[in-house]
Amino acid sequence: MTLRNRDIATLFKRLADLLEIEGENPFRIQAYRNAAETIEGLAAPVTELVAAETDLTQYSHIGKDIAEKIEGVVATGRLAALDEVAQRVPPELADLMGVKGLGPKGVKALHDHFHIRSVDELEQLAREGRVRELSGFGAKKEAALLEGIHELHARQYQRTPLAEAEAQAEPLRAWLAAVDGVECIEIAGSYRRRRETVGDIDIVVACADGAAVMERLVRYDGIERVASRGTTRSSVILADGLQVDVRAVPTESFGAALMYFTGSKQHNVALRQRAIQRDLKLNEYGLFQGDDAVAGADEPGIYRQLGLVWIPPELRGDRGEVEAAERDHLPALIEADAIRGDLHAHTTWSDGRDTLEDMARGARARGYEYLAITDHGPRVRIANGLSPERLQTQAEAIAELDASLDGITLLKGCEVDILADGTLDLPDEVLATLDIVVCSIHYNLRQSRQEQTDRVLRAMENPYFMIWGHPTAREVNRREPIDIDLERCLEEAAEHGIAIEVSAQPKRLDLNDAGARLAREKGCRLVINTDAHSVGNLDLVRHGVDQARRAWAEAEDIINTRGLVELRKALRTPPGG
DNA sequence: GCCGTTTTCGGCCCGACTGTTTTCAGTCG
């Protein structure tokens with residue numbers, strides 16, 4: 001199995017956890033955690049960067065020492081420093097830190113006194129009521145730990161997909177907005193940064209009377225329990241286990257609080273350091289010079305005082321956005337209303353729920369100029385994939401409908417399968433009759449990296465390969481991406497003028513933000529498609545726009561922001577086409 | 001261990017809440 005960036009990051013996080021339990025210098029620990037964040041956020045595989053002898057210290061939070069440690073990991077598969085610490089501190093203790101309410105000091109105390117090593121042992125100890133024997137631990141703490149263990153098991157470390165989080169959070173936002181005196185209310189956190197999944201929900205409320213907000217919060221119907229409650233800050237757990245933190249601030253602090261709770265943590269740290277350099281102090285109440293607030297009511301004012309233009313939340317990840325904002329070189333991010341058509345949609349001809357006509361009318365009702373009908377090719381039998389004969393019949397139906405419908409153009413297309421050997425599941429003479437050919441992988445997901453890469457590169461040699469559909473076949477929280485040399489494939493795609501799909505399906509979001517950013521850097525055009533299997537699915541496009549924005553994409557990078565004539569020019573041109 | 005618009009040493013984000021403490025440490029975000 002290839003060493004993924006996430007695996008390498010995990011080693012450094014674990015090293016940080018164990019050192020923290022040992023009581024090491026907290027800044028050294030933070031340095032390892034910062035480096036882990038950087039590694040996770042890199043678009044290119046670290047293994048390949050090392051193979052190409054890239055200077056890793058060019059990346060933030062990676063210095064000489066950590067660069068060498070990373071090279072060691074790539075060479076040996078092990079982090080020597082971690083192995084060394086593991087001789088003194090049982091590595092399983094890091095898992096105990098996953099229990100809410102238990103930090104490094106608590107883990108060390110429990111281990112020193114009871115010699116426990118696992119969450120299960122802690123659970124047994126707590127059930128027997130023995131944790132309270134330890135000074136610093138009481139009955140309430142013991143109960144809180146049992147609760148924390150329960151939650152750990154229940155949620156299995158899973159983050160909530162953004163679309164699900166929306167369904168939970170928006171009604172609660174509306175519930176709180178009804179409190180008298182609420183001036184502004186926003187959902188912050190990774191939700192506002194539009195990450196594909198969220199760990200919890202952060203709601204920031206501008207209100208003179210915070211107590212009234214908290215009073216209404218705890219009366220919300222969907223609450224499982226109240227984890228903590230104050231007059232300015234409270235936490236509740238919703239019925240499905242999602243945690244919601246609510247923070248009430250005065251109106252003059254709303255921008256600062258919104259910024260603070262939007263994060264990312266790394267972005268906040270960068271801004272606070274910037275404030276310190278200017279003899280200012282930034283906290284969730286405002287930007288202060290001594291005791292005087294110089295900004296705080298709104299975000300643009302704070303950024304301005306720091307010498308920056310306002311940074312859209314999707315860019316706040318300490319990935320170069322502060323430097324870009326300083327030079328006023330931020331991208332003009334794509335907006336949802338810039339999308340003028342969908343190039344990947346299914347109908348009842350294969351596994352869609354709605355008819356060809358319903359889909360066409362639905363797209364027109366959304367204001368689209370065009371819609372590509374791309375039912376499955378024959379390989380996907382379970383989805384009633386189309387044979388060349390049925391595809392021909394469908395083409396006639398599309399042409400007939402297109403002629404009878406004003407205000408939208410229907411494009412004849414197909415979602416062709418990239419077979420295990422890199423051939424496509426329809427012959428070239430059939431593909432030659434189509435306007436749009438989306439090529440996707442649905443089967444043989446477990447091929448080796450070499451096989452998978454060769455497979456896609458071979459497929460791309462086919463002149464009718466126009467769009468690479470959901471390129472890595474990943475599914476959020478459910479299926480890892482296929483093992484493939486993405487960078488190599490994107491270079492090939494750029495060369496042939498193949499557009500890369502950013503699937504807006506919440507379960508796919510494929511390519512993801514880092515992949516889409518890499519695609520742009522390699523010179524590829526992107527296309528935001530819903531892969532709609534119903535009329536309602538067409539509305540999912542905004543989730544794809546979110547991903548593209550996180551990839552720093554502008555409207556110009558996305559081919560389906562163009563009118564039909566320009567779109568055709570932007571697509572790969574097959575021979576004679 | 002990283003980093004640099006008071007740079008190669010000396011900082012490194014900071015406030016709220018909880019439980020346990022009898023004045024604050026630990027944890028969280």
Side-chain angles (χ1 to χ4, degrees), chain A residues 12 15-16 19-21 23-38 56-70 81 96-110 131-132 134-145 147-148 151 188-191 198-204 210 214 226-236 243-249 253 256-257 259-288 306-307 318 322-323 326:
Chain A
F12 281 97
L15 174 60
L19 289 174
E20 194 169 30
I21 292 168
E24 241 294 359
N25 172 6
F27 299 110
R28 186 177 161 219
I29 291 157
Q30 190 57 42
Y32 288 132
R33 295 206 168 115
N34 289 339
E37 294 265 344
T38 296
L56 297 175
T57 65
Q58 68 182 283
Y59 302 109
S60 60
H61 310 300
I62 296 180
K64 186 163 170 289
D65 180 274
I66 290 180
E68 280 172 12
K69 285 187 165 67
I70 292 172
L96 281 168
M97 296 230 293
V99 178
K100 186 161 288 187
L102 203 52
K105 298 289 198 299
V107 170
K108 182 166 185 352
L110 287 166
V131 169
R132 67 187 78 176
L134 195 50
S135 103
F137 289 75
K140 279 192 169 179
K141 185 83 180 171
E142 196 170 73
L145 290 181
E147 188 67 44
E151 274 173 29
S190 40
Y191 184 96
V198 303
D200 62 10
I201 297 289
D202 302 288
I203 301 181
V204 183
M214 302 311 168
V226 178
S228 74
R229 179 176 174 184
T231 55
T232 66
R233 188 173 195 166
S234 299
S235 292
V236 298
Q243 177 167 328
V244 180
D245 297 332
V246 177
R247 185 68 195 259
V249 296
S253 295
M259 194 165 160
Y260 177 82
F261 283 101
T262 297
S264 69
K265 193 193 272 184
Q266 303 271 10
H267 179 82
N268 286 351
V269 168
L271 290 188
R272 281 173 187 239
Q273 285 171 343
R274 198 176 169 86
I276 290 167
Q277 285 162 6
R278 283 166 172 67
D279 249 340
L280 300 169
K281 186 177 77 164
L282 179 62
N283 59 30
E284 59 260 58
Y285 295 104
L287 183 64
F288 297 90
L306 293 172
D318 196 23
V322 175
E323 294 79 0
E326 187 171 42

Contact class for A/Gly189 (heavy atom, under 4.0 Å): base, sugar-phosphate, or nothing? nothing
Expressed in whole Å, how much space separates the P atoms belonging to B/dT20 and B/dT27? 13 Å
With both distances kept under 3.5 Å, what pairs with B/dC9, Watson-Crick or G-U wobble? B/dG4
So do A/Tyr32 and A/Asp65 actually touch side chain to side chain, heavy atoms under 4.5 Å? yes
Anti/syn call for B/dT20, syn if |chi| within 90°: anti
With the side chain counted from C-beta on, respond yes when A/Gln266 and A/His61 share a heavy-atom pair under 4.5 Å apart, and no when they do not. yes
I need the minimum non-hydrogen distance between A/Asp318 and A/Ala270, along with the two atoms involved. OD1-CB, 4.3 Å
Given the P atoms of B/dT6 and B/dC12, what is the spacing between them in whole Å? 14 Å
Check every strand shown and say whether A/Ala81 touches a base, only sugar-phosphate, or nothing at a heavy-atom separation below 4.0 Å. nothing
If the P atom of B/dG15 is compared with that of B/dG10, how far apart are they to the nearest Å? 25 Å
Step by step, would you call A/Lys64 with A/Glu68 a salt bridge (charged side-chain N to carboxylate O under 4.0 Å, His left out)? CA-CA 6 Å; A/Lys64 186 163 170 289; A/Glu68 280 172 12; 3.7 Å; yes
A/Ser234 and A/Met214 have their tightest heavy-atom pair at OG-SD, 3.2 Å
Closest-nucleotide mapping onto DNA chain B: is A/Lys140 or A/Tyr285 further toward the 5' terminus? I mean the 5' end. A/Tyr285
How far, in whole Å, is B/dT5 from B/dG1 if one measures between their P atoms? 23 Å
If I pick the C1' atom on B/dC28 and the same atom on B/dC13, what distance separates them, to the nearest angstrom? 14 Å
A/Ser253 side chain reached by A/Glu284 side chain, heavy atoms, under 4.5 Å: no
Once you apply a heavy-atom cut-off of 4.0 Å, does A/Asp202 come out as touching a base, just sugar-phosphate, or nothing? sugar-phosphate
Would a 4.5 Å heavy-atom cut-off, applied to side chains only, mark A/Glu326 and A/Val322 as touching? no
Identify whether any heavy atom of A/Lys108 sits under 4.0 Å from a base atom; if not, whether one sits that close to sugar-phosphate; answer base, sugar-phosphate or nothing. nothing
Is A/Ile29 touching bases, backbone alone, or none of the nucleic acid, heavy atoms closer than 4.0 Å? nothing
With a 4.0 Å cut-off on heavy atoms, is A/Ser60 in touch with a base, just the backbone sugar-phosphate, or nothing at all? sugar-phosphate
Assign each of A/Gly136 and A/Thr57 to its nearest nucleotide of DNA chain B by heavy atoms, then name whichever residue's nucleotide is nearer the 5' end. A/Thr57
Have a look at A/Val107 and say if it touches a base, only the backbone sugar-phosphate, or nothing, with a 4.0 Å heavy-atom cut-off. nothing
Would you mind reporting whether A/Tyr260 and A/Arg272 have side-chain heavy atoms less than 4.5 Å apart? yes
At 4.0 Å (heavy atoms only), tell me whether A/Asn268 reaches a base, stays on the sugar-phosphate, or touches nothing. nothing
Hey, does A/Thr231 reach any base, or is it just sugar-phosphate, or nothing, if we go heavy atoms under 4.0 Å? sugar-phosphate
For A/Arg247, which contact category applies under a 4.0 Å heavy-atom criterion: base, sugar-phosphate, or nothing? sugar-phosphate
Along DNA chain B, 5' to 3', what are the outermost nucleotides having an atom less than 4.0 Å from a heavy atom of chain A? B/dG1 to B/dG29
Using atom P in both nucleotides, what's the gap between B/dT21 and B/dA16 to the nearest angstrom? 24 Å
Please round to the nearest 0.5 Å and tell me the distance separating atom CG of A/Leu56 and atom NZ of A/Lys69. 13.5 Å
When we call it a touch if two heavy atoms are under 4.0 Å apart, what does A/Pro26 touch: a base, just sugar-phosphate, or nothing? nothing
Separation between the C1' atoms of B/dC2 and B/dT7, rounded to whole Å: 13 Å
Which is true for A/Lys265 with a 4.0 Å heavy-atom rule: it touches a base, it touches only sugar-phosphate, or it touches nothing? nothing
I'd like the C1' distance from B/dG29 over to B/dT23, given in whole Å. 24 Å
Touch check for A/Gln30, heavy atoms < 4.0 angstrom, all strands: base, sugar-phosphate only, or nothing? nothing
Please work out if A/Leu271 contacts a base, only the sugar-phosphate, or nothing of the nucleic acid, heavy-atom cut-off 4.0 Å. nothing
